[in-house]
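Chain A is the first sequence line, chain B the second, and so forth, proteins listed ahead of strands; every chain is numbered from 1.
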Protein chains: 2
Amino acid sequence: MDLVTALHAQGKRLTLQRSLVLEAIRRSRHHTTAEEIARRIREQHPQIDPSTVYRNLEALEELGLVTHTHLNDRITRWHRADVERHGHLVCRACGSEQEVPMASLEPLAARLRRDQGFEPDLAHSAIVGICRTCRSVPSGR
Amino acid sequence: MDLVTALHAQGKRLTLQRSLVLEAIRRSRHHTTAEEIARRIREQHPQIDPSTVYRNLEALEELGLVTHTHLNDRITRWHRADVERHGHLVCRACGSEQEVPMASLEPLAARLRRDQGFEPDLAHSAIVGICRTCRSVPSGR
DNA sequence: AGTAGTATCGCAAGTAGTAGCAATAGCGTA
DNA sequence: TACGCTATTGCTACTACTTGCGATACTACT
Ligand SMILES: [Mn+2]
Ligand SMILES: [Mn+2]
Ligand SMILES: [Zn+2]
Ligand SMILES: [Zn+2]
């Protein structure tokens, strides 16, 4: 099923703005930001408003073509939905980011499913904590 | 060790604004917002700026007296640090929030410690997913 | 009590989005 | 090709913070 068909199946329309956002996210590095996407698009199409970019990221997410994750408290990161899902470990001491395979997180997922009937999306928000390096350092320097 | 001593030990000072923020968070319901705290303080002290409240929440967090958690993408929730730690499960379909004991999350913590040397704070961000009720419903209605 | 040093303050501007609104433009149908 | 419905757009204002700056006021020291 191509883009137009997928859009129409949800009562959505194909617009220039929408395809530019999709194209930009496909060309962007993994974990890019909405601001970065808007900046790139506005280089060629300065009339396209940032709010349109935000709205289209949401629309493309509803379509299942893109997703977002949260690596820190402030900026949402966007990427295409077809890259392999993975979790993130972010150190609150040094800021380092580390990817972890979903398989490492599966035991927790299984437990939440069993105990709470809850199907978690453990790729959505990074897990914050203290990394190996920072843990091995005596105090905080 | 009392408040002033704890503050001074970190080169921090005791100000009216700071004690008002601490008092407000102690009187507030669990999982309150910075805006709510600012609003309450400004009823009695309208000259105190919201940015001062944000900065003091951070300072009191560095002192270990308060903490914050993220239940959704937008608003940070604050509470005193001495309440029992717990995780949160938030349903992206119906928005329901559920608390889970840290013990349920401990197997994942143990695994991340062992496999990655990473000490996670699983209480910091809510785990998003689909709750039991929403899962049992056929499509999405 | 008086003073120096600097943490903290109020204020204003900036950041990363979100939301309401009237104008525009896709899309199904004729 | 033309027409009507309404999804989407650009614009503006708003939310929830964050940051820079010069003024203020805690603290330690005398
Ligand atoms: Mn946080
Ligand atoms: Mn999110
Ligand atoms: Zn680290
Ligand atoms: Zn639900």
Side-chain angles (χ1 to χ4, degrees), chain A residues 2-22 24-25 31-42 44-63 66-78 95 125, chain B residues 2-22 24-25 31-42 44-63 65-66 68-78 95 125:
Chain A
D2 69 332
L3 179 59
V4 200
T5 318
L7 282 165
H8 290 187
Q10 299 206 7
K12 289 179 161 55
R13 296 174 183 179
L14 179 64
T15 63
L16 171 65
Q17 291 86 338
R18 190 156 286 169
S19 33
L20 286 172
V21 169
L22 185 57
I25 219 168
H31 301 320
T32 189
T33 67
E35 297 283 309
E36 169 74 8
I37 292 168
R39 200 185 53 66
R40 286 202 190 192
I41 290 176
R42 284 161 62 84
Q44 303 299 321
H45 305 267
Q47 78 285 5
I48 295 180
D49 196 80
S51 67
T52 298
V53 172
Y54 285 103
R55 283 192 278 229
N56 275 314
L57 285 169
E58 215 180 301
L60 293 168
E61 187 167 47
E62 282 161 20
L63 230 74
V66 315
T67 4
H68 73 268
T69 54
H70 305 278
L71 299 188
N72 60 48
D73 290 7
R74 290 213 57 70
I75 303 173
T76 299
R77 306 307 194 94
W78 295 86
S125 288
Chain B
D2 69 335
L3 180 59
V4 199
T5 318
L7 283 164
H8 291 187
Q10 301 207 4
K12 290 179 161 57
R13 297 175 182 179
L14 179 64
T15 64
L16 171 64
Q17 292 85 337
R18 190 156 286 170
S19 34
L20 287 172
V21 169
L22 185 56
I25 220 168
H31 302 320
T32 189
T33 67
E35 297 283 309
E36 169 74 8
I37 292 168
R39 199 185 54 67
R40 285 202 191 194
I41 290 176
R42 284 162 61 83
Q44 303 299 320
H45 306 267
Q47 79 284 5
I48 296 180
D49 196 81
S51 67
T52 298
V53 171
Y54 284 102
R55 282 193 276 229
N56 276 314
L57 285 168
E58 217 181 300
L60 293 169
E61 186 166 49
E62 281 160 22
L63 230 74
L65 296 176
V66 315
H68 73 267
T69 54
H70 306 279
L71 299 189
N72 60 51
D73 289 5
R74 292 210 57 71
I75 304 174
T76 299
R77 305 308 193 97
W78 295 87
S125 289

Which donor-acceptor pairs under 3.5 Å do side chains of residues 9-16 of chain B form with protein atoms, sequence neighbours excluded?
residue, atom, partner, partner atom, Å
Gln10(B), NE2, Glu62(B), O, 3.4
Lys12(B), NZ, Glu62(B), OE1, 2.8
Thr15(B), OG1, Arg18(B), N, 3.1

When rounded to whole Å, the CZ to P distance for the pair Arg77(B) and dA16(D) reads 11 Å
Any donor-acceptor pair under 3.5 Å from Arg42(B) side chain to Ile48(B) backbone: yes
Under 4.0 Å, heavy atom to any atom of DNA chain D: which of residues 3-16 of chain B qualify? His8(B), Arg13(B), Leu14(B)
Are the side chain of Arg77(A) and the backbone of Leu71(A) linked by a donor-acceptor contact shorter than 3.5 Å? no
Please report the distance, rounded to the nearest Å, between CG in Asn72(B) and P in dC17(D). 10 Å
Any Thr52(B) side-chain N or O less than 4.0 Å from OP1/OP2 of dG10(C): yes
Could you tell me whether Ser51(B) contacts a base, only the sugar-phosphate backbone, or nothing, with contacts defined as non-hydrogen atoms closer than 4.0 Å? base
Find the distance Asp73(B):CG to dC17(D):P and express it as a whole number of Å. 13 Å
Could you check how far CD of Glu58(B) sits from C1' of dA16(D), rounded to whole Å? 14 Å
Could you check which of dT8(C), dT15(D), dT8(D) has an atom nearest any side-chain atom of Arg74(B)? dT15(D)
Please state whether the base of dG17(C) and the side chain of Arg55(A) form at least one donor-acceptor pair under 3.5 Å? no
Any strand counts, and the cut-off is 3.5 Å on both contacts for Watson-Crick or G-U wobble. Which nucleotide pairs with dG20(D)? dC11(C)
Does Arg40(A) pair with Glu36(A) as a salt bridge, N-O distance under 4.0 Å? yes
How do Thr33(B) and Gln17(B) order along DNA chain D: which one's closest nucleotide is nearer the 5' end? Thr33(B)
With heavy-atom distances below 4.5 Å as the criterion, would you say the side chains of His45(B) and Leu20(B) are in contact? yes
Is there side-chain contact between Leu7(A) and Val4(A), with at least one heavy-atom pair below 4.5 Å? no
Could you tell me how far apart Arg39(A) (CZ) and dG17(C) (C1') are, to the nearest whole angstrom? 18 Å
Please confirm whether the backbone N or O of His68(B) pairs with a side-chain atom of Glu61(B), one donor and one acceptor, at under 3.5 Å? yes
Report the distance from atom CZ of Arg18(A) to atom P of dG26(C), rounded to the nearest whole Å. 11 Å
Phosphate OP1/OP2 of dT9(D): any Gln47(A) side-chain N/O under 4.0 Å: no
Nearest whole Å is fine: how far is dA19(C) P from Asp49(A) CG? 15 Å
What is the distance, to the nearest angstrom, from the CD1 atom on Ile75(B) to the C1' atom on dT15(D)? 8 Å
